[in-house]
Amino acid sequence: MTKRYTVTAALPYANGPLHIGHLAGAYLSSDIYVRYLRLMGKDVIYICGSDEHGAAITIRAKKDGVKPKEIVDRYNAQIKQTFEDLGVSFDIYHRTSEPIHHETAQEFFTNLLKKGEFTQKTNEQYYDESQNQFLADRYIKGTCPKCSYDAAYGDQCENCGSALSPTELINPVSTLSGNTPVLKETTHWYLSLDKHADWLGEWINTGQLDGKQHHDPKEWKNHVLGQCRSWVGDLQPRAMTRDLEWGVDVPQDIPGSEGKKLYVWLDAPIGYISATKQWALDNNKDWEPYWKDKDSKLVHFIGKDNIVFHCIIFPAILKAAGGYVLPDNVPANQFMNLEGDKISTSRNWAVWGHEYLEDCKDSIVNHVDVLRYVLIKNMPELKDSEFTWGNFQELNNTDLVGKFANFINRVLVLTNKYYEGVVPDFDASLSIAGSEEEGSTSSYQEELNRLHHRLEELGKLVEAYDFRGGLKALIEIASMGNQFLQFNEPWKLVKTDPETVKVVMNLALQIVGALSVVSQPFLPFISAKLRDLLNLSALENGDLEHLLDDLKAGKAVLPKGSSINKPEHLFTRIPDDVIQQQIDKLEASKVQKVSYEPLKDEITFDDFTKLDLRTGTILEAEKMPKAKKLLKLKVDLGFEQRTVVSGIAEFYKAEEVIGKQVVLLANLAPRKLRGVMSEGMILMAENAQGELVFVSPQDGFGNGFTVR
RNA sequence: GGCGCGGUAGCUCAGCUGGUUAGAGCGCAGGAUUCAUAAUCCUGAGGUCGGCAGUUCAAGCCUGCCUCGCGCUACCA
């Protein structure tokens with residue numbers, strides 16, 4: 001029996017604002033879940049906060065010429081505000097830069113160290129001698145080995161998107177000093193994940209933990225299980241520390257800790273725990289039951305990029321630390337696309353939360369709930385999904401205005417018209433038309449049961465993390481109401497049978513009353529407004545549970561004789577021009593800037609003459625096995641033939657490059673690629689999209705001649 | 001290249017452990033209605049369930065191969 005729930009939402013990284021992909025990924029889903037649990041009277045804590053450490057923030061700070069603290073302060077404040085404005089109801093929004101977090105993370109480190117969970121390993125990493133420090137991946141730039149982009153970072157090439165390790169870069173340069181870094185030995189602590197492989201495998205596959213049933217893996221999403229299974233087969237020790245300057249220190253009393261910081265694995269997720277501690281302090285509560293009591297259900301809401309982190313590494317850390325509960329479920333969402341393209345921060349292809357809030361606050365009625373509705377409706381629960389402004393408008397106009405708000409409006413208007421806004425008394429023995437089938441006969445009690453059943457079904461969907469299903473069920477309740485009115489036609493009946501109309505209208509009001517409760521997890525602002533219209537008090541924890549009990553007992557939501565207010569349009573149609581503005585804004589960001597690479601430092605003619613460039617012709621070409629981007633070429637230089645491995649396979653098929661005339665950098669040191677010695681480099685031009693094209697001499701020009 | 005997850009009506013998606021004529025919403029067509037924000041309600045048309053082969057009495061659901069999308073991963077100038 002679950003006594004309490006600990007719900008976490010992925011910690012946003014504090015180096016940029018939130019966009020709709022974030023919201024649809026982890027925050028709206030968790031918010032619905034938590035709001036629902038609260039309405040059901042559960043003990044639940046909802047945790048989030050900013051992840052404020054790491055190299056990306058330091059780099060950003062250097063670029064802006066400010067201290068890292070300034071960056072994280074700025075974005076923490078902005079992100080926190082966006083969440084608040086969107087009604088995301090965290091119990092605490094914390095920060096990993098807080099002292100309580102540093103202490104908590106360090107305790108974990110010390111604890112794991114004592115328990116022998118770490119092994120120390122030494123390897124070679126780049127070191128900037130002029131700065132006397134090791135270089136984090138992001139501090140190293142160089143030429144991308146894949147696409148030859150010459151400003152790739154040590155962990156990733158932003159041009160071609162491929163993940164890199166610093167030692168792969170060609171001509172690595174320290175971004176701190178501009179010097180060429182040297183490889184130097186460094187020692188780090190590795191968590192021996194391999195030792196945890198057995199129980200992790202069993203836990204993931206069967207849900208068994210320490211011989212007991214911990215959770216039902218069938219309740220986990222396919223893509224989450226699949227991703228986990230592909231990892232548990234081959235678990236390697238993972239470094240838990242890094243040579244960084246901005247983060248949580250490895251505890252000072254540990255030998256060799258100097259200059260070492262905890263890596264994100266041992267930093268960010270522990271932020272959930274330190275945030276809980278802070279919340280407990282603020283509210284005079286005990287944090288431990290939420291993380292250590294067997295009757296606590298831990299649920300992590302994340303995006304799919306975080307699956308391995310939350311399903312393998314963090315559980316291993318918790319289990320190794322001892323005494324902690326493991327997640328009951330990790331309902332990770334996939335990604336949301338925007339107007340047919342991936343959301344991209346660097347390309348500014350996104351709808352930003354704070355911008356939407358500002359842009360639409362006057363032009364769209366209840367703009368926050370509209371956005372929530374559309375994002376939930378298109379939530380990427382099982383596969384990548386799509387957000388388009390056209391769909392946004394359509395959903396608002398059909399579902400929210402046409403079905404939901406319109407039903408409520410009809411009921412309120414009729415009640416005001418017929419009964420001066422007072423919930424009518426009625427004769428429960430009179431028969432009315434049923435809401436589910438045209439021409440069916442039903443009764444007040446029967447319809448109340450039906451409502452009860454619908455609410456229960458909606459709850460089950462939410463409990464199963466099917467939030468789109470829950471949202472659909474919500475709208476269907478309004479649709480049921482519309483049908484109910486349509487089948488009973490009170491506007492006609494009122495002329496011949498006013499007593500039956502009272503039954504109909506009272507029941508319709510009960511449906512509206514129920515909507516004011518059950519809509520709250522999805523559309524909190526509308527829910528509050530609706531409560532006002534109905535003269536009902538603000539919702540409190542347990543109110544949905546009470547509502548269900550009441551309905552089951554045949555009790556009404558709105559007591560007869562109580563009065564309601566004049567109707568107000570809860571949602572209104574969104575005109576085309578408002579949508580067009582948003583589309584135009586997005587399109588403008590698309591054409592915006594073709595970012596040309598900055599010119600390199602000046603060189604001398606002598607520097608240039610070091611290059612031996614030769615004309616050549618490709619004689620043979622074949623795809624490299626087991627490589628996506630490589631072609632193995634044989635190039636004729638007239639006086640000799642060279643084997644060259646070239647990363648152009650994504651743009652040219654082997655057969656179409658044969659016979660091509662090319663320019664070859666002929667005196668480049670040979671290098672082995674995928675086991676083949678590459679003797680030179682073919683010159684290619686590359687545009688902003690990373691597309692490659694040959695730089696060729698005029699056709700028919702001979703081979704082996706110099707280029708200068 | 002390896003691994004994982006997906007590819008179902010024009011659009012967005014449901015389809016439990018394989019089992020009667022494959023579903024919903026939107027859009028579209030026709031009709032009803034006016035209490036309501038031209039909203040609502042009813043009816044209807046629309047699908048080789050990515051492709052090919054196989055297992056089975058029976059496959060959208062199982063197996064193999066192929067193809068496309070997304071993600072992870074790989075000693076990939």
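Remember, predicted model here, so these are calculated numbers, not experimental data. Chain identifiers are assigned alphabetically (A, B, ...) following the order of the sequence lines, protein sequences preceding nucleic acid strands; residue numbering begins at 1 within each chain.
- At the heavy-atom level, A/L461 lies nowhere under 4.0 Å from the strands shown.
- RNA chain B is contacted by both A/K218 and A/L665; A/K218 maps to the nucleotide lying nearer its 5′ end (nearest heavy atom per residue).
- In this structure, A/N406 reaches the bases: a heavy-atom distance under 4.0 Å links it to at least one base atom across the strands shown.
- Candidate nucleotides B/rC5, B/rA39, B/rA36 were compared by shortest atom distance to the side chain of A/N222, and B/rC5 ranks first.
- No engagement by A/S646 is indicated, since no non-hydrogen atom pair under 4.0 Å with the nucleic acid exists.
- Contact annotation for A/L395: no contact, since no heavy-atom pair falls under 4.0 Å across all strands.
- Comparing atom distances between the A/K304 side chain and each of B/rG71, B/rC26, B/rA36 picks out B/rG71 as nearest.
- Residue A/V413 is in sugar-phosphate contact alone, with no base atom involved, counting any heavy-atom pair closer than 4.0 Å across all strands shown.
- Taken residue by residue, residues 482-492 of chain A places heavy atoms nearer than 4.0 Å to RNA chain B at A/N482, A/Q483, A/Q486, A/F487, A/W491, A/K492.
- Residue contacts shown for A/N378 are limited to sugar-phosphate atoms, with no base heavy atom under 4.0 Å away.
- Under 4.0 Å is where a charged nitrogen must lie from a carboxylate oxygen, and between A/E457 and A/R454 no such pair does.
- Residue A/T572 is in base contact, counting any heavy-atom pair closer than 4.0 Å across all strands shown.
- Taking only side-chain atoms of A/H223, from C-beta outward, the nucleotide of B/rC35, B/rC13, B/rC5 with the closest atom is B/rC5.
- Candidate nucleotides B/rA36, B/rC70, B/rC72 were compared by shortest atom distance to the side chain of A/D384, and B/rC70 ranks first.
- As judged by a 4.0 angstrom heavy-atom cut-off over every strand, A/K403 is placed among residues touching the sugar-phosphate backbone only.
- Distances were taken from every side-chain heavy atom of A/L414 (C-beta onward) to each of B/rU12, B/rA14, B/rC35; the shortest belongs to B/rC35.
- Considering only the side chain of A/K383, B/rA14 comes nearest among B/rU37, B/rC70, B/rA14.
- Distance noted for atom P between B/rG25 and B/rU21: 22 Å (whole Å).
- The pair A/D384-A/K304 meets the salt-bridge criterion, since a charged nitrogen lies less than 4.0 angstrom from a carboxylate oxygen.
- A/R229 comes within 4.0 angstrom of no nucleic acid atom, judged by non-hydrogen atoms across all strands.
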